[in-house]
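These values consider heavy atoms only, across backbone and side chains, with no hydrogens, waters or symmetry-generated copies.
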Amino acid sequence: MTAIRELSGVGPALEKALQAQGVASVEDLAALTAEDLAQVSGIGKARAARLHQAATDLLGARSAPARKRPAEPAGQTAGPDVPQDQADDARSPSAEADLNAALAAAEAARLAAEEKAAKAKIKARKAAKKAEALALEMAEARTKAKEKAKRVKAKARKAIEREKAKAAAILAQKTGDEAEKPAKSKSGKGKSAKSKSSKKKAKKA
């Protein structure tokens with residue numbers, strides 16, 4: 001069995017994803033179709049096709065060490081004879097580097113998104129606490145305002161009652177004074193009449 005990590009374009013993250021689906025070797029991967037591979041998380045249709053082709057090529061290269069080059073089309077000059085294995089090896093580093101770069105970028109984007117979400121949660125939690133504290137403060141302020149209004153009303157009621165009592169006392173005193181005035185005036189007239197009669201008697205004598 002050929003380890004799945006030996007396949008070009010398979011890094012640690014993709015290896016774990018494939019193993020989670022029961023694909024532990026290159027042979028397991030080659031036995032699947034590109035459509036089946038596309039169902040694995042993180043693998044699209046294009047990438048699934050490339051992985052399936054790479055697995056097939058790797059297994060074919062190991063089973064048939066020497067491959068015949070395809071015949072050159074008529075009228076074309078044959079190029080340098082480069083073994084297919086060397087051509088695959090020449091393509092593998094760049095493809096793997098691109099894949100690793102894409103995986104690293106995706107991982108960085110995921111981490112950034114998680115960090116942003118965590119910050120948003122913290123911010124929302126702080127805002128909720130601030131709103132709760134503000135609501136509590138407003139409730140306390142309303143309670144204090146009601147209590148103060150009650151005290152002011154009670155104080156005003158007492159002041160009004162005191163003023164009414166004063167007014168009633170003043171009115172009662174005025175009423176008493178007015179009732180005493182007629183009696184004094186009558187007694188004064190009697191005294192003046194007696195003094196006049198006594199004066200007349202004194203003159204006659």
Side-chain angles (χ1 to χ4, degrees), residues 1-65 67 82-155:
M1 300 292 286
T2 306
I4 194 68
R5 69 182 65 179
E6 295 183 16
L7 187 61
S8 174
V10 177
L14 182 56
E15 181 183 6
K16 290 182 181 179
L18 290 169
Q19 287 177 349
Q21 299 297 323
V23 182
S25 64
V26 177
E27 287 80 5
D28 294 338
L29 193 149
L32 299 175
T33 63
E35 288 77 9
D36 294 334
L37 286 174
Q39 301 302 319
V40 179
S41 177
I43 300 178
K45 292 183 178 180
R47 189 177 181 188
R50 289 196 301 271
L51 288 173
H52 188 271
Q53 185 62 42
T56 304
D57 292 344
L58 180 60
L59 295 177
R62 291 189 176 184
S63 62
R67 291 184 179 178
V82 180
Q84 186 65 32
D85 292 342
Q86 293 182 12
D88 291 340
D89 292 340
R91 288 195 302 269
S92 297
S94 61
E96 187 172 0
D98 293 341
L99 179 61
N100 290 335
L103 289 174
E107 183 68 12
R110 183 185 67 81
L111 292 175
E114 289 181 355
E115 185 178 359
K116 187 175 181 180
K119 288 181 179 179
K121 286 182 180 179
I122 293 172
K123 188 176 181 180
R125 195 177 297 113
K126 287 182 179 179
K129 288 183 179 179
K130 187 175 181 180
E132 184 178 357
L134 183 61
L136 181 61
E137 185 178 351
M138 291 179 66
E140 291 178 353
R142 284 195 296 268
T143 302
K144 289 180 179 179
K146 287 180 180 179
E147 292 177 354
K148 186 176 180 180
K150 287 181 181 179
R151 289 196 298 269
V152 172
K153 286 182 179 179
K155 189 175 181 180

Flag side-chain contact, heavy atom, 4.5 Å: E147 against K150: no

Output side-chain donor-acceptor pairs under 3.5 Å for residues 122-144, partner residues at least two apart or in another chain, one line each.
{"unit_1": "T143", "atom_1": "OG1", "unit_2": "A139", "atom_2": "O", "d": "2.9"}

The complete set of salt bridge (charged side-chain N to carboxylate O under 4.0 Å, His left out) pairs with one or both residues in residues 7-18, sequence neighbours excluded, reads R5-E15

Correct closest heavy-atom pair for T2 and E27 would be N-OE1, 2.9 Å

Taken to the nearest 0.5 Å, the spacing of D57 CG from R50 CZ works out to 13.5 Å

Applied to residues 100-116, the side chain to side chain donor-acceptor pair (under 3.5 Å) test, sequence neighbours excluded, yields E107-R110, R110-E114

For V40 and Q21, the nearest pair of non-hydrogen atoms, with its separation, is CG2-CG, 3.9 Å

CD (Q53) and CG (L58) are apart, to the nearest 0.5 Å, by 11.5 Å

Separation between NZ (K45) and CD (Q39), nearest 0.5 Å, reads 9.0 Å

Here the pair of heavy atoms bringing A38 nearest to A48 is N-CB, 3.6 Å

What do the steps show when you test L14 against L51 for side chain to side chain contact (heavy atoms under 4.5 Å, CB included), and what is the final call? CA-CA 11 Å; L14 182 56; L51 288 173; 3.9 Å; yes

